[in-house]
Asks: 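Dropping a structure here in structure tokens format, bear with me for questions.
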Amino acid sequence: MNYFRRTLPSLDALVYFEAAARHLNFTKAADELNVSQVAVSKRIRILEEDLDTTLFQRDSKKISLTEDGLKLAEQIPAALAFIEEAVNNTRNKTDSKRKVIQIVADENVIFFWLNDLVRQYQLEGHEALISVITSNNVNDPIWEEADLAIFFGSAPPTGWNGQMLFREALTPVAKPGIDPKTLPLLNYEKEVPNCFNWLNFMDNDLWLDLKQNPIQDCASYIQSISLALKGEGIALAERALLQKELASNQLTPVSPDTQETEECYFLTTPANRPTFKEITDLISFLTSNA
């Protein structure tokens, strides 16, 4: 008799190894698994100790698989897929199985717009379980696995069908009651080349009154909005994402002008996969609240 508990490492450790081996990056594996990079590194160390071998060669910039790591990486995906198939076949025998909808978007869309709507949707009593995954890099394989994805651009990418949620409309905002001339412009690094930040507007005639203000760099768009809410600067706000903050007067436009761009946010589904009813219902809800 084979006592698997005695002979096999933990299934979690093998799942973590498979993700790390596929990405050759502990941070990307952690993002996919929704855990910390430290958790992935620790699980890999435990697996190496259990197997009494080194699976990854590590240096300061990258990781690579050792010979033993390559051997394991060749077989583990098929083994895990076999286990997954067995589990799914068992789940299919019950009528009570809940549909899981995996939706992927960037951190700004999720933080300011999507999370509240998903909570509202679930509280209405819908049975489907919604898994919201944050990814700022559309080349991350997790986008390919999604049932729904919110893309930013001029059109949905190849391989995706979708509809526009809203067009990008930008306006400078600050905490009410503060003279805008005394505040810095809260700039942030572009996450994609076609997005806008304050530096885009230095060479045109829009918001001329603000161009003498100093520029303060922020780590992210979310941080820029956070500082604006505290009265510490002027943020360049995407109006559709900040409906709640504007409606409640937590932030107010410091100019009557709004810059509409050619970019939009699209709610999309994979073109090569069927769309089941639970996804259609969620799409209808999200588009009606855009």
Asks: Sorted by first residue and then second, give each ring pair (Phe, Tyr, Trp, His ring centres under 6.0 Å) pair with at least one member in residues 255-275; sequence neighbours left out.
Replies: F152-Y265, F166-Y265

Asks: What about I110 and I142, same hydrophobic cluster or not, with Ile/Leu/Val/Met/Phe/Trp/Tyr joined at side-chain heavy-atom distances under 4.5 Å?
Replies: no

Asks: To the nearest 0.5 Å, tell me how far D217 CG sits from S224 OG.
Replies: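 It is 11.0 Å, given to the nearest 0.5 Å.
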
Asks: Look up atom CD in Q216 and atom CD1 in I234, then write down how far apart they are to the nearest 0.5 Å.
Replies: 11.5 Å

Asks: Tell me which donor-acceptor pairs under 3.5 Å the side chains of residues 37-53 have, and how far apart each pair is, sequence neighbours excluded?
Replies:
unit_1, atom_1, unit_2, atom_2, d
R43, NH1, D12, OD2, 3.3
E48, OE1, R58, NH2, 3.2
E48, OE2, L55, N, 2.8
E48, OE2, F56, N, 3.2
E48, OE2, R58, NH1, 3.4
E48, OE2, R58, NH2, 3.4
T53, OG1, D68, OD2, 2.5

Asks: For D116, which residues count as a salt bridge (Lys or Arg N to Asp or Glu O under 4.0 Å) partner, sequence neighbours excluded?
Replies: K244

Asks: Enumerate donor-acceptor pairs with a distance under 3.5 Å from any side-chain N or O in residues 276-290 to protein atoms, sequence neighbours excluded.
Replies:
unit_1, atom_1, unit_2, atom_2, d
K277, NZ, D281, OD2, 2.7
T280, OG1, F276, O, 3.4
S284, OG, T280, O, 3.1
T287, OG1, I283, O, 2.8
T287, OG1, S284, O, 3.1
S288, OG, S284, O, 3.2
S288, OG, F285, O, 2.7
N289, ND2, F285, O, 2.8

Asks: Are the side chain of R273 and the backbone of A146 linked by a donor-acceptor contact shorter than 3.5 Å?
Replies: yes

Asks: Taking the side chain from N136 and the backbone from E107, do they hold a donor-acceptor pair closer than 3.5 Å?
Replies: yes

Asks: I'd like to know whether K62 forms a side chain to side chain contact (heavy atoms under 4.5 Å, CB included) with L24, so could you lay out the CA-CA distance, the side-chain angles of the two residues, the decisive distance to 0.1 Å, and finally the verdict.
Replies: CA-CA 8 Å; K62 63 180 181 179; L24 288 179; over 6 Å; no

Asks: Can you tell me if T134 uses its side chain to pair, donor with acceptor, with the backbone of D106 under 3.5 Å?
Replies: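 Side chain of T134 to backbone of D106, a donor-acceptor pair under 3.5 Å: no, none is there.
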
Asks: Any side-chain donor-acceptor pair under 3.5 Å between T269 and W160?
Replies: no

Asks: Starting at CG of N249, measure out to CD of E245 and round the result to the nearest 0.5 Å.
Replies: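 So the CG of N249 and the CD of E245 are separated by 12.0 Å.
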
Asks: Please round to the nearest 0.5 Å and tell me the distance separating atom CD1 of I130 and atom CG of L114.
Replies: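 Going from CD1 on I130 over to CG on L114, the span is 8.5 Å.
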
Asks: Indicate, with yes or no, if L185 and L236 share a hydrophobic cluster defined by side-chain heavy-atom contacts under 4.5 Å among Ile, Leu, Val, Met, Phe, Trp and Tyr.
Replies: yes

Asks: Check R22 with E32, please: is the shortest side-chain N to carboxylate O separation under 4.0 Å?
Replies: yes

Asks: Under the ring pair (Phe, Tyr, Trp, His ring centres under 6.0 Å) rule, what pairs show up with a residue in residues 204-239, not counting sequence neighbours?
Replies: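 Ring pair (Phe, Tyr, Trp, His ring centres under 6.0 Å) check on residues 204-239 returns F112-Y221, Y188-Y221, W198-W207, F201-W207.
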
Asks: Measuring only between side-chain heavy atoms, which start at C-beta, is L80 closer than 4.5 Å to L11?
Replies: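 Yes, at least one pair of side-chain atoms sits under 4.5 Å.
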
Asks: Report yes if the side chains of T268 and N161 come closer than 4.5 Å at any heavy-atom pair, otherwise no.
Replies: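 With C-beta onward as the side chain, the pair stays apart.
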
Asks: Specify the closest pair of heavy atoms between L251 and I225, including all atoms of both residues, with the distance to one decimal.
Replies: CD1-CG2, 4.1 Å

Asks: If we ignore hydrogens and angles and just use 3.5 Å, is the side chain of Q122 paired with the main-chain N or O of A128 as donor and acceptor?
Replies: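 Flag set: sc Q122 to bb A128 pair under 3.5 Å.
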
Asks: Got a sec: does the CZ of F111 have more than 12 other heavy atoms crowding it under 6.0 Å?
Replies: no

Asks: Main chain of T182, side chain of N213: is a donor-acceptor contact present, judged purely on distance under 3.5 Å?
Replies: no

Asks: Can you find a heavy atom in the side chain of V173 that is under 4.5 Å from one in the side chain of T171?
Replies: yes

Asks: Is the shortest side-chain heavy-atom distance between P253 and T258 below 4.5 Å?
Replies: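 The answer is no, as the side chains (C-beta and beyond) never meet within the 4.5 Å cut-off.
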
Asks: Evaluate whether atom CD of E145 has more than 12 neighbouring non-hydrogen atoms of other residues, nucleotides or ligands under 6.0 angstrom away.
Replies: yes

Asks: Taking the side chain as every heavy atom from C-beta outward, state whether E168 and E260 have any atom pair closer than 4.5 Å.
Replies: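 Not touching, per the 4.5 Å side-chain cut-off.
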
Asks: Is the shortest side-chain heavy-atom distance between L33 and V15 below 4.5 Å?
Replies: yes

Asks: Check whether any side-chain heavy atom of C264 lies under 4.5 Å from a side-chain heavy atom of L165, and answer yes or no.
Replies: no

Asks: I'd like to know if the side chain of Q102 reaches the main chain of L148, judged simply by a donor and an acceptor atom lying under 3.5 Å from each other, with no hydrogens or angles considered.
Replies: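 Absent.
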
Asks: Please list, chain by chain and in numerical order, all residues satisfying salt bridge (Lys or Arg N to Asp or Glu O under 4.0 Å) with E232, sequence neighbours excluded.
Replies: none

Asks: Are more than 12 heavy atoms, taken from residues, nucleotides or ligands other than Q212, located less than 6.0 Å from that residue's CD atom?
Replies: no

Asks: Is it the case that more than 12 heavy atoms not belonging to Q120 sit under 6.0 Å from its CD atom?
Replies: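 Yes, because the 6.0 Å sphere around CD of Q120 holds more than 12 heavy atoms from other groups.
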
Asks: Identify the heavy atoms of V104 and S135 that sit nearest to each other, and give their distance.
Replies: CG1-CB, 4.0 Å

Asks: Under the 3.5 angstrom rule, does the side chain of W143 hit a backbone N or O of F151 as a donor-acceptor pair?
Replies: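 No; judged by distance alone, with no hydrogens or angles, the pair does not exist.
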
Asks: Taking all non-hydrogen atoms of both residues, which atom of P180 and which atom of L210 are closest, and how far apart?
Replies: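 Shortest heavy-atom separation between P180 and L210 comes out as CB-CD2, 4.3 Å.
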
Asks: Does P184 reach the side chain of I215, with side-chain heavy atoms less than 4.5 Å apart?
Replies: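 Not in contact.
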
Asks: Do E263 and T261 pair up side chain to side chain, a donor and an acceptor below 3.5 Å, judged on atom types alone?
Replies: no

